[in-house]
Amino acid sequence: MEKTYNPHDIEQKWYQRWEQQGHFAPTGEEKPYCIMIPPPNVTGTLHMGHGFQYSLMDILIRHRRMLGQDTLWQVGTDHAGIATQMVVERNLLLDEGIKRHDIGREAFVKKVWEWRDQSGDTITRQMRRLGASVDWSRERFTMDPGLTDAVTEVFTRLYDEGLIYRGKRLVNWDPKFCTAISDLEVVSQEENVKLWHIRYNVKNTNDHVVIATTRPETLLADTAIAVNPKDPRYQHLIGKTATVPLCAREVPIIGDDYADPEFGTGCVKITPAHDFNDYEVGQRHDLPLINIFTAEAQLNDAVPVTYQGMDREHAREQIVKDLQTKKCLVDIKDYKTVIPRGDRSGVVIEPYLTDQWFVSMDALAKPAITAVEQGDIKFIPEGWTKTYFQWMHNIQDWCISRQLWWGHRIPAWYDKDNNVYVGRHEQEVREKYQLSDAVYLRQDEDVLDTWFSSALWPFSTLGWPQTTAELTKYYPTNLLVTGFDIIFYWVARMIVMGLKFLDKVPFHEVYVTGLIRDAQGNKMSKSKGNVLDPIDLIDGIDLEALITKRTAGLMQPRMAKQVEKNTRKDFPNGIPAFGTDALRFTFCALASTGRNIRFDLGRIEGYRNFCNKLWNATRYVLMNTEDKDNGFENTDIELTLADRFIISELQHTIINYEQHLKDYRFDLLAQTVYEFVWHQYCDWYLELVKPVLMGEHSDNVKRATRHTLIIVLETILRLLHPIMPFITEEIWQVVGPLAHKTGDTIMLQPFPQVNLNKIDKTITAEVDWLKQVIVGIRTIRAEMNIAPQQLLPLLMRHWSQQDQQWLTNNRETIEKLAKLDKIECVTADSDIPPAATALVGKLELLIPMAGIIDKTAEVARLQKEINKLKQDHQRSETKLSNPKFVDNAPEAIVAKERERLTQMQVTLEKLTSRLQQVENL
RNA sequence: GGGUGCUUAGCUCAGCGGGAGAGCGUCGCCCUUACAAGGCGAGGGUCGGGGGUUCAAAUCCCUCAGCACCCACCA
């Protein structure tokens, strides 16, 4: 093996080999285990969020696969309606200078498919770089024929049951994309706006009312003025008529509770076609709806000619100007309010009256709520359950039609008179509704919301509406791993659809991840220029390339300078190549239960070092075991204390590993294996082994040590494999055979099982003692500034029988690891020279100071230790002298406290007498 | 307007009723033949403030403050 760990060299080859040999497909004999991947946008690129979630899913999948379960990780991509159409439209404009309407629907959709074919493998290629062991042989796309069948089937059935309906409604309209969008796709943000106060004259009087509005341009669509019926200021006006300025329309003044006397002037203009509240008011008072906007939000021919064709911003300016001229503008106030914008387009959303398709959610939501209430689906962390319920209990009907070209065409047809017929295809419609071929039918132009097909993902990918073997075997799936940002968009709707069409939940557990932020806690976004690309963390990238990447294609090119500056500051040397395994381990370690996860480069560096540690530990093991008798044939072996210790610790590690994985505490999982590999196996065990292998010991003992070195390392590799697949495979190819394991790959080796018989508390106690003795001496050495190589004599005093036994067992080890030239036991009353001391329980370790130790340093050290101890001692004494504590606390706690106190007393006495002695020198 | 989460060592975060923890950073000594991407050791926190429950509170309850986020139609 190379001297230094180099991820690049080892990560390239393995994935291809695994995939070619079909190791990702389900083969296990045990019970099925299935995770559906949240399908990424087919034309997308891998970002940190994907990297994070896929890493966690892969850990779970690889673990189950090694347990021998029939493990399916279903992969696929999403057509992502708006997002994809947007990109292709932009490219079209950039490359050819044309808009989609210039080439027409058919040609445009063809272009989108071309774009998909050409860019669609970017993200799947990147998933492979990440090591994701998904079953590529079952890859699906939401617009595959089979999945499209599922969409049609669901739509048709829901329609036939009356759960899908079509109607003219006020919907959220995105004037940039000219489509309706759902409530969820609208993001409201507080913005600084104006509140214009406008005077309307009251007909046949000298009276007038003043209304306050943030949208003066919509006054052209006013069909009433509302005041509160209880408002004494205006009661007399109810039933009278007001004149809308600029268009001279006469509208009734109505009384409605919606008008809040406290707000503005207490009078409000009512524009039913362009405001959700006003729409309600209009319904109550039977007001006409006047639509003044085109789909692009330009003023249409329902307004005076002067305003026709203006876009809404321009119209607003003009109307304010004209109101001013006509002296109808009374006041302009600064005002803060929430403005709804399209999450994709960023433009202000217009409430717009159109024909749309809706899913009626009330009835569908009920079983989806019950399933979670009854624990058939569990959210992890649990807190998300509440979020889910809150949304589900207030669920609104889902607007599913989109006026886009890219997506699933709605399976509805219209005749000449606009009667609607729904069926799986035109032929079925004709049969179902007994329409002869002569009857003219045209299909609905609209497509379905992307999330409609996503909602079917857990069963459409398995072949539904056909009854397939996979569907029977893997549905309901076990787990969904996803971010909290799409609980409503996706998770809730999958539950609804799964229960509706398969009568079973789509998954039993939902592990909700946090969202990856940058090191400062900011959301990673292109415009902020703080995006990290997982691939760059794997392969590394130099500073200039990183800057080029981050400043390319910015929405606001003027931000480029700031982005460059920040990048130079944050990554003065670019990003080094950390490798996939280090990245995956980092994701695992960062996956705590919080909502935001700050990605810090320091972490990934640390875990790259961890890979290096494992690498080098392996080199040491190989150095000592290759071409040697390692106790696999000749099983005559005699385990040392160290051997039994590390095997015992290994069992604890396996237990904790399984527990943390079961709890989805990936952070604790990472910590557990890190601690065991680095601090137990490398720091202690490998060091304890050295004197054995180098010293004079029997073949049985040495053979046992080599044997243990190998079996523990090989087990470590299998434990680590789900987290770090590449390095473990690379090493296992060498270590596996050494451990007499057969098989092509570590990924199909059985996962380590705990053996409780190998846990030995007496061993642990002895090793703890041994560690304390060694650390005690090392501490003296470090604090006294004694060179690490310098051999020292050690005296031991106040030893118990146990101490003496353990010393006999471990004398050589202590001498070697603590660099001692001799160890001498002295009696309590023997006259000993001035010495630096350390305590292990009651046992006193003494390093004679003659010519070695600095008196003042030792005095200071003792003084400090005594002071610290005195405080603890005092606190403990107070506690124990409190009868309430002694009476009420559990016996074990009290006993423990007493033991602690005695221990401290002993220590304190010894340290004090030491101090006196040193001071008297 | 409702709801949720967070506040613990310089930084990032675990711990969530009985002796304050980890990683990274910092400081000191060391290139000791697995590893300087390392070894050995050390320092560092009235656990956001204030109340309460309890023999015992970082941990449970109340309250205040600050910071996030989600949902909601007030012009």
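Only heavy atoms go into these numbers, but all of them, side chains included; no hydrogens, no water, no symmetry mates. Throughout, a chain's letter reflects where its sequence line sits, starting with A, and its residues are numbered from 1.
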**OP:** Do nucleotides 10-22 of chain B as a string where each nucleotide becomes B, S or -: B if the base has a protein heavy atom under 4.0 Å, S if just the sugar-phosphate does, - if no protein is that close.
**Re:** --BSSS--BB---
**OP:** Mind checking A/Phe585 for me? I need base, sugar-phosphate or nothing, with any heavy atom below 4.0 Å counting as a touch.
**Re:** nothing
Original post:
With pairs taken as Watson-Crick or G-U wobble and both distances under 3.5 angstrom, which stems of at least three consecutive pairs involve RNA chain B?
Top reply: B:1-7 with B:65-71, B:10-13 with B:21-24, B:26-30 with B:38-42, B:48-52 with B:60-64
Subject >> Nearest-Å distance for atom pair CD/C1', residues A/Glu190 and B/C74 >> reply: 13 Å
Original post:
Would you call A/Asp663-A/Arg665 a salt bridge at under 4.0 Å N-O?
Top reply: no
Original post:
Mind checking the P distance from B/A22 to B/G43? Whole angstroms is fine.
Top reply: 12 Å
Subject >> Euclidean distance for C1', B/C70 against B/G51 (whole angstrom) >> reply: 31 Å
Subject >> A/Lys523 backbone acceptor or donor facing A/Asn530 side chain under 3.5 Å >> reply: yes
Original post:
Quick one: the side chain of A/Asp260 and the base of B/C74, do they pair up donor-acceptor inside 3.5 Å?
Top reply: yes
Original post:
With rounding to whole Å, what would you report as the distance between B/A9 and B/A42 at their C1' atoms?
Top reply: 14 Å
Original post:
What string of B, S and - do you get for nucleotides 33-47 of chain B, 5' to 3', if B is base contact, S is sugar-phosphate-only contact and - is no contact with any protein heavy atom under 4.0 Å?
Top reply: -BB-BSSSSSS----
Subject >> Ionic contact status for A/Arg233 with A/Asp231, cut-off 4.0 Å >> reply: yes
Subject >> Non-neighbouring partners of A/Gln903 that pass side chain to side chain donor-acceptor pair (under 3.5 Å), sequence neighbours left out >> reply: A/Thr907
**OP:** Let me know the distance between CD1 of A/Ile487 and P of B/G3, rounded to the nearest Å.
**Re:** 19 Å
Subject >> Touch class at under 4.0 angstrom, heavy-atom based, for A/Gly579 against every strand present >> reply: nothing
**OP:** Using heavy atoms to find the nearest nucleotide of RNA chain B for A/Leu184 and A/Val268 separately, return the residue whose nucleotide is more 5′.
**Re:** A/Leu184
Original post:
Is the backbone N or O of A/Ile723 less than 3.5 Å from a side-chain atom of A/Arg584, with the two atoms forming a donor-acceptor pair by type?
Top reply: yes
**OP:** For B/U12 versus B/G25, give the span between their P atoms, rounded off to a whole number of Å.
**Re:** 15 Å
Original post:
How close or far is atom C1' of B/U4 from atom CZ of A/Phe389, stated in whole angstroms?
Top reply: 15 Å
Original post:
Does any N or O in the side chain of A/Glu11 come within less than 3.5 Å of the main-chain N or O of A/Thr580, such that one atom is a donor and the other an acceptor?
Top reply: yes
Original post:
Hey, is the main chain of A/Asp278 close enough, under 3.5 Å, to the side chain of A/Asp275 for a donor-acceptor pair?
Top reply: yes
**OP:** Could you walk me through whether A/Trp384 and A/Phe379 pass the ring-ring contact (aromatic ring centres under 6.0 Å, His included) test, one step at a time?
**Re:** CA-CA 6 Å; A/Trp384 294 108; A/Phe379 282 87; 8.3 Å; no
Original post:
Between atom CG in A/Asp485 and atom P in B/C71, what is the gap in whole Å?
Top reply: 10 Å
Subject >> C1' gap between B/G17 and B/A58, integer Å >> reply: 10 Å
Subject >> Integer-rounded Å distance: B/G23 P and A/Phe599 CZ >> reply: 19 Å
Original post:
Contact class for A/Ala259 (heavy atom, under 4.0 Å): base, sugar-phosphate, or nothing?
Top reply: base
Original post:
With A/Gln520, which residues qualify under side chain to side chain contact (heavy atoms under 4.5 Å, CB included), at least two apart?
Top reply: A/Asp518, A/Asn522
**OP:** Could you tell me the separation between the CD atom of A/Gln189 and the C1' atom of B/C71, rounded to a whole number of Å?
**Re:** 15 Å
Original post:
RNA chain B: A/Lys336 or A/Asn394, which has the more 5' nearest nucleotide?
Top reply: A/Asn394
Original post:
If we take the C1' atom in both B/G5 and B/C35, what is their distance in whole Å?
Top reply: 42 Å
Subject >> Carboxylate-amine/guanidinium contact A/Glu899 A/Lys896, below 4.0 Å >> reply: no
Original post:
Once you round it to whole Å, what is the distance between P of B/C74 and CG of A/Asn228?
Top reply: 18 Å
Original post:
So, A/Asp581 side chain and A/Ile727 main chain: donor-acceptor pair closer than 3.5 Å or not?
Top reply: yes
**OP:** Find out whether the Lys NZ or Arg CZ of A/Lys613 is both under 6.0 angstrom from the six-membered ring centre of A/Tyr607 and within 45° of the ring's axis.
**Re:** no
Subject >> Pairs flagged by salt bridge (Lys or Arg N to Asp or Glu O under 4.0 Å) wherever residues 869-890 of chain A is involved - sequence neighbours left out >> reply: A/Asp872-A/Arg875, A/Lys879-A/Glu897
Original post:
How far, in whole Å, is B/C30 from B/C47 if one measures between their P atoms?
Top reply: 38 Å
Original post:
Expressed as a whole number of Å, how far does the P atom of B/G45 sit from that of B/U32?
Top reply: 35 Å
Original post:
Atom CG of A/Asn785 to atom P of B/G28: distance rounded to whole Å?
Top reply: 11 Å
